[in-house]
Amino acid sequence: MLDDMLDYTEQIRERPVWQPIPRHVREVFRKPLPRKPASLESVHATFLRDILPFAVGNAHPGFMGWVHGGGTPVGMLAEMLAAGLNANVGGRNQIPVEVERQVVRWVRELFHFPDTASGLFVTGTSMANLIAVLVARTAAAGVGVRRRGIADIGQRLVAYTSAGAHTCIAQAMDLAGLGSDALRIIPVNERHQIALGPLQERIAEDRSAGLRPFFVAATAGTVDTGAVDDLAAVGRIAEREKLWFHVDGAYGALAMLAPDIAPRLAGIERAASVAFDFHKWGQVPYDAGFVLVRYGEMHYQTFASPATYLRRESRGMAAGSPWPCDFGPDLSRGFRALKTWFTIQTYGAARLGAMISRTCALAQYLKESIEKEPALELLAPVALNIVCFRFRSERADEVNRNIVADLQESGLAAPSSTTVNGCLAIRAAIVNHRTNRSDIDALVRATLAFGSAYVERPSRTLRND
Ligand SMILES: Cc1ncc(COP(=O)(O)O)c(C=O)c1O
């Protein structure tokens with residue numbers, strides 16, 4: 001199995017990025033509960049035949065959809081070790097908890113946070129953003145909100161983010177019981193950053209309507225275009241208005257590792273909390289989300305529970321409080337820290353930073369290739385590693401939606417799509433450390449070929465389903 005997976009990563013270029021899944025393969029996964037055992041060999045053979053070839057392909061250098069990291073063999077091996085230990089890192093007096101604490105200290109150092117800051121591995125940034133909203137809710141309403149609920153606050157808490165923010169922030173407001181309508185969506189400027197004037201005006205309006213502004217989420221690397229909000233300016237507004245200043249840095253925050261890109265994140269060191277994923281730009285295998293909170297005590301007060309079966313002792317296995325389960329909703333937790341610790345140690349922070357810089361340079365190369373090509377059009381500035389563009393056409397939305405599907409089904413390259421200023425965009429996020437210029441050239445070539453086919457044969461079927 002180990003050989004198979006090492007061969008898979010070594011020979012990944014010879015495979016299509018993705019391929020459509022035949023009906024008979026889906027049928028394999030509709031069988032009833034197996035009552036009798038099967039040999040490990042036969043189960044593994046099914047994996048090789050019916051699972052491995054039909055994954056989404058984010059390990060492939062031609063994968064540029066959404067924001068998916070590529071993973072590394074180092075992370076894969078560490079994950080095997082973690083599974084072998086079968087560590088439950090909810091707490092208890094064990095070194096796996098120390099490994100997580102070590103990563104928390106590294107993250108504090110990277111973001112210039114104080115020693116009193118707390119951190120926690122979670123599934124992904126959606127969960128990290130939710131935790132940040134919940135800690136901010138405690139900061140605004142007091143720890144009693146945990147028992148009495150938000151109805152008891154007597155004043156509506158409202159929050160702010162930009163139109164470019166990820167929808168999981170609205171979902172966090174919903175799950176925190178504050179309601180997604182209480183998240184004010186502030187327009188963006190021409191660089192797709194949160195517009196500061198409208199932000200301040202909306203805060204003032206809400207205050208005069210008797211509402212209570214409590215939270216602002218800036219984004220370091222928006223999901224659509226990779227824009228980075230002016231974090232220092234948002235931080236100053238938050239300070240003046242006494243709002244919790246959160247940064248959603250799902251993939252962008254790790255640009256702190258890259259000395260040439262980190263200055264674009266200036267101001268992040270003033271945040272009250274930062275959410276990000278090691279499984280995106282950090283190349284740690286899924287999943288490895290992380291939340292960093294400046295006010296560790298507030299974070300603890302938001303989640304710690306007095307349950308007797310979780311009682312702490314000064315010695316034995318129940319020693320070593322506080323535990324990770326005191327900082328989030330999960331009691332059972334895998335050893336996500338190990339694959340992250342292995343990745344950071346084996347490659348070193350400098351090399352990871354160089355990889356991040358290189359993906360940004362590749363995005364600039366793609367931007368220049370698009371600008372040289374009259375048939376293509378750039379749709380947004382390239383702030384980090386995401387490039388939004390389209391093939392010029394009178395039926396641009398229809399044609400580009402189909403080009404994206406053609407590219408994905410061809411197995412040559414796999415961008416995703418989004419909407420930028422009302423236009424359907426082909427969106428390439430260069431996240432994978434394996435991607436190089438030849439993959440960018442292949443994307444441009446294939447886009448032109450598929451786009452030209454629609455120009456030459458306008459009757460070619462355009463599918464909208
Ligand atoms: C800016 C931003 N925030 C949040 C998320 C959600 O992160 P996750 O998928 O790890 O929950 C993403 C995902 O791409 C993102 O780009």
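Every number for a ligand or one of its atoms is a count from 1 in the order of the listing. The structure displayed is predicted, hence computed values, not measured ones. By convention here, the first residue in the shown sequence is residue 1.
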For [atom], what's the nearest protein heavy-atom neighbour? Residue, atom name and distance, please.
| atom | result |
| --- | --- |
| atom 11 (O) of ligand 1 | S126 OG, 2.6 Å |
| atom 12 (C) of ligand 1 | H166 CD2, 3.3 Å |
| atom 3 (N) of ligand 1 | D248 OD2, 2.6 Å |

Non-hydrogen side-chain atoms of V135 and F303 separated by less than 4.5 Å
yes
N or O contact, T125 vs ligand 1, cut-off under 3.5 Å
yes
Output the list of atoms in ligand 1 that are nearer than 4.0 Å to some heavy atom of [X], sorted by atom number.
| X | answer |
| --- | --- |
| V223 | 16 (O) |
| C168 | 4 (C) |
| D277 | 7 (O), 8 (P), 10 (O) |
| H279 | 10 (O) |
| A250 | 1 (C), 2 (C), 3 (N), 4 (C), 5 (C), 12 (C), 15 (C), 16 (O) |
| G221 | 1 (C) |

Under the side-chain contact (heavy atoms from CB on, under 4.5 Å) criterion, do L130 and M127 qualify, and how do the steps go?
CA-CA 5 Å; L130 171 61; M127 177 56 92; 4.1 Å; yes
Salt bridge (Lys or Arg N to Asp or Glu O under 4.0 Å) between E371 and K367: does it pass, once the steps are laid out?
CA-CA 6 Å; E371 283 169 344; K367 170 180 176 260; 3.7 Å; yes
Would R294 pass as a cation-pi partner of F113, given that its NZ or CZ must be under 6.0 Å from the six-membered ring centre and within 45 degrees of the axis?
yes
Decide salt bridge (Lys or Arg N to Asp or Glu O under 4.0 Å) for E398 and R401; before the verdict, give the C-alpha distance in whole Å, the side-chain angles of both, and the deciding distance to 0.1 Å.
CA-CA 5 Å; E398 261 178 298; R401 181 180 298 115; over 6 Å; no
Just wondering, are more than 12 heavy atoms of other shown residues or ligands nearer than 6.0 Å to CZ in R191?
no
Would you say K280 touches ligand 1, if touching means a heavy atom closer than 4.0 Å?
yes
Using a strict cut-off of less than 4.0 Å between a Lys/Arg side-chain nitrogen and an Asp/Glu carboxylate oxygen, indicate whether E239 and R236 qualify as a salt bridge.
no
Rounded to the nearest 0.5 Å, how far apart are CD1 of I403 and OG of S410?
11.5 Å
